[in-house]
S.K.: 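Before we start, here is the structure in question, set down as structure tokens.
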Amino acid sequence: MKKTVLITGASSGIGKAASRLFHANGWNVIATMRSPEKETELTALADLLVVRLDVQDRDSIDSAIKAGIDRFGRIDLLVNNAGYGQSGIFEATSREKIQQQFDVNVFGVMDVTRAILWHFRANKAGLVINVSSGAGLFTLPTLSIYCASKFALEGFTEALSYELLALGIGVKSVIPHGGVAQTGFQERAGADFAVDPAGLPDYNEFLQRAQRSFGAMIAARMMTSSDVAGVIYEAATDGRDQLRYLVGDDARGFVKARRSMDDQAYVDFMRGQFAG
Ligand code: NAP
């Protein structure tokens with residue numbers, strides 16, 4: 001019997017690549033997005049349902065899940081992919097922007113997950129894959145709000161995996177670390193960068209240094225949205241109970257530093273990245 005996946009944030013980037021890949025491998029796909037009326041490519045595919053789901057609108061979550069079950073009979077896999085990166089100086093980031101970041105990256109994931117768990121419990125089976133980030137393993141300046149949201153997501157994912165294990169429901173985290181090409185992520189983060197050079201000039205010198213460091217990092221090899229989709233597919237189908245799947249070559253050594261150094265040595269290493 002064909003399996004069915006529901007993917008959030010399928011309008012672009014990783015979510016769209018994952019929708020294509022699962023479909024190409026014979027899955028039924030419920031590709032959810034905020035503005036389905038703009039979608040033209042996925043709507044042309046058989047056994048692929050494009051439906052509206054805004055993770056900040058609980059009615060849209062419930063109706064997307066219902067539409068998926070009505071169409072395909074059951075859902076086997078939820079991929080919580082929708083998310084974005086609020087960037088900028090913390091002090092220049094409004095409370096509303098911070099709230100919005102958590103509404104999408106954390107509370108949105110929780111709301112979609114809670115809305116589908118009754119179905120997974122009834123089936124005594126199901127898998128949740130959360131698309132996290134290297135920003136959930138290590139932190140970077142000018143990304144404090146995004147990092148806080150992905151650290152929260154990592155904690156939630158890990159704890160939930162213990163809670164649902166006995167019910168036969170799996171929970172996994174896919175962690176792209178390093179930039180992902182072919183997504184709208186960088187453009188959105190850049191357009192929404194919180195900064196106030198006139199009101200908060202004390203940060204200007206640091207920002208110039210940080211921008212140089214980030215420039216060198218971005219020049220390092222990027223992975224593609226298809227690479228990440230491939231690892232989501234692997235996590236969905238490998239039958240293993242592995243919690244975290246990292247994607248990326250760790251060209252900057254941040255994951256290795258986090259995992260191999262003692263805490264203060266790691267913090268000193270990271271401080272060094274933005275010192276010069
Ligand atoms: P993307 O191309 O910008 O895709 C983000 C998706 O999330 C879009 O479909 C967007 O929909 C959707 N979204 C945003 N707010 C939403 C909301 N309130 N409700 C429903 N959908 C919403 O970027 P991406 O790189 O593929 O991002 C996917 C995931 O990968 C995110 O969780 C991100 O944190 C993670 N990630 C990305 C990178 C990277 O470098 N790109 C690295 C590590 C992790 P709209 O089109 O309607 O805005």
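Fair warning: this is a prediction, and the values are worked out from it, not measured in the lab. Both ligands and their constituent atoms are indexed starting at 1 by order of listing.
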S.K.: Taking N or O atoms only and a 3.5 Å limit, does G184 qualify as a polar contact for ligand 1?
M.R.: yes
S.K.: So, are K66 and D70 salt-bridged, with charged N and O less than 4.0 Å apart?
M.R.: yes
S.K.: What part of L53, side chain from CB on, backbone N/CA/C/O, both or neither, has a heavy atom under 4.0 Å from ligand 1?
M.R.: backbone
S.K.: Under 3.5 Å, side chain of N81 to main-chain N/O of T8, donor-acceptor pair present?
M.R.: yes
S.K.: Please could you name the atoms of ligand 1 that G13 approaches to less than 4.0 Å, counting only its heavy atoms?
M.R.: 2 (O), 26 (O)
S.K.: If the condition is side chain to side chain donor-acceptor pair (under 3.5 Å), which residues does K38 pass it with, not counting sequence neighbours?
M.R.: none
S.K.: Any non-hydrogen atom of G179 lying under 4.0 Å from ligand 1?
M.R.: yes
S.K.: Of the protein's non-hydrogen atoms, which lies at the shortest distance from atom 32 (O) of ligand 1, and what is that distance?
M.R.: N81 O, 2.8 Å
S.K.: Quick one: nearest non-hydrogen protein atom to atom 40 (O) of ligand 1, plus distance?
M.R.: V180 N, 3.0 Å
S.K.: List the closest protein heavy-atom neighbour of atom 18 (N) of ligand 1: residue, atom name, distance to the nearest 0.1 Å.
M.R.: D54 OD1, 3.0 Å
S.K.: Which atoms of ligand 1 are found less than 4.0 Å from any heavy atom of S12?
M.R.: 1 (P), 2 (O), 4 (O), 8 (C), 9 (O)
S.K.: With sequence neighbours left out, write down each residue that passes side chain to side chain donor-acceptor pair (under 3.5 Å) with D238, or none if nothing qualifies.
M.R.: K172, Y245
S.K.: Using a 4.0 Å cut-off to any heavy atom of G83, which atoms of ligand 1 qualify?
M.R.: 5 (C), 7 (O), 31 (C), 32 (O)
S.K.: Under a 3.5 Å distance rule, please check whether S60 uses its side chain to pair with a backbone N or O of R52 as donor and acceptor.
M.R.: no
S.K.: Tell me whether M33 reaches ligand 1 (any heavy atom closer than 4.0 angstrom to a ligand atom).
M.R.: no
S.K.: I want to check a possible cation-pi pair here: R258 against F138, using under 6.0 Å from ring centre and within 45° of the ring axis as the test.
M.R.: no
S.K.: With a 6.0 Å cut-off on ring centres, are Y146 and Y84 close enough?
M.R.: no
S.K.: Does either side chain, that of Q208 or that of N204, offer a donor lying less than 3.5 Å from an acceptor on the other one?
M.R.: no
S.K.: State plainly whether the residues R209 and E205 are in salt-bridge range, i.e. N to O under 4.0 Å.
M.R.: yes
S.K.: Please lay out, stage by stage, how S213 and Q273 fare under the test side-chain hydrogen bond (donor to acceptor under 3.5 Å, both in side chains).
M.R.: CA-CA 7 Å; S213 303; Q273 303 290 320; over 6 Å; no
S.K.: Using the six-membered ring wherever Trp is involved, compare the ring planes of W27 and F22 and label them parallel, tilted or perpendicular (cut-offs 30° and 60°).
M.R.: perpendicular
S.K.: Suppose we measure from atom 34 (O) of ligand 1 to each protein heavy atom; which comes out shortest, and what is that distance?
M.R.: Y146 OH, 2.7 Å
S.K.: Just to confirm my output: which protein heavy-atom neighbour is closest to atom 17 (C) of ligand 1, and how far is it?
M.R.: R34 CD, 3.5 Å
S.K.: Can you pull out the closest protein heavy atom to atom 44 (C) of ligand 1? Residue, atom name and distance to 0.1 Å, please.
M.R.: S132 O, 3.2 Å
S.K.: For atom 24 (P) of ligand 1, which of the options V174, V247, T183 provides the nearest non-hydrogen atom?
M.R.: T183
S.K.: So do the side chains of F254 and L137 get within less than 4.5 Å of each other, counting heavy atoms only?
M.R.: no
S.K.: What residue and atom, counting heavy atoms only, is the protein's closest point to atom 22 (C) of ligand 1, and at what distance?
M.R.: A82 CB, 3.6 Å
S.K.: Please confirm whether T8 approaches ligand 1 to less than 4.0 Å, judged on its heavy atoms.
M.R.: no
S.K.: What I want to know is whether V55 and ligand 1 share at least one N or O pair that is separated by under 3.5 angstrom.
M.R.: yes
S.K.: With a heavy-atom distance limit of 4.0 Å, tell me whether R188 approaches ligand 1 through its side chain, its backbone, both, or neither.
M.R.: side chain
S.K.: Going by distance only, is there an N or O of I14 that falls short of 3.5 Å from an N or O of ligand 1?
M.R.: yes
S.K.: Is there a polar contact between ligand 1 and Y84, counting only N or O atoms under 3.5 Å apart?
M.R.: no
S.K.: Under a heavy-atom criterion of less than 4.0 Å, does K150 contact ligand 1?
M.R.: yes
S.K.: Note the single closest protein heavy atom to atom 9 (O) of ligand 1, along with its residue, its atom name and the distance in Å.
M.R.: S11 OG, 2.7 Å
S.K.: A side-chain contact here means heavy atoms from C-beta on lying under 4.5 Å apart; do Q99 and R95 qualify?
M.R.: yes
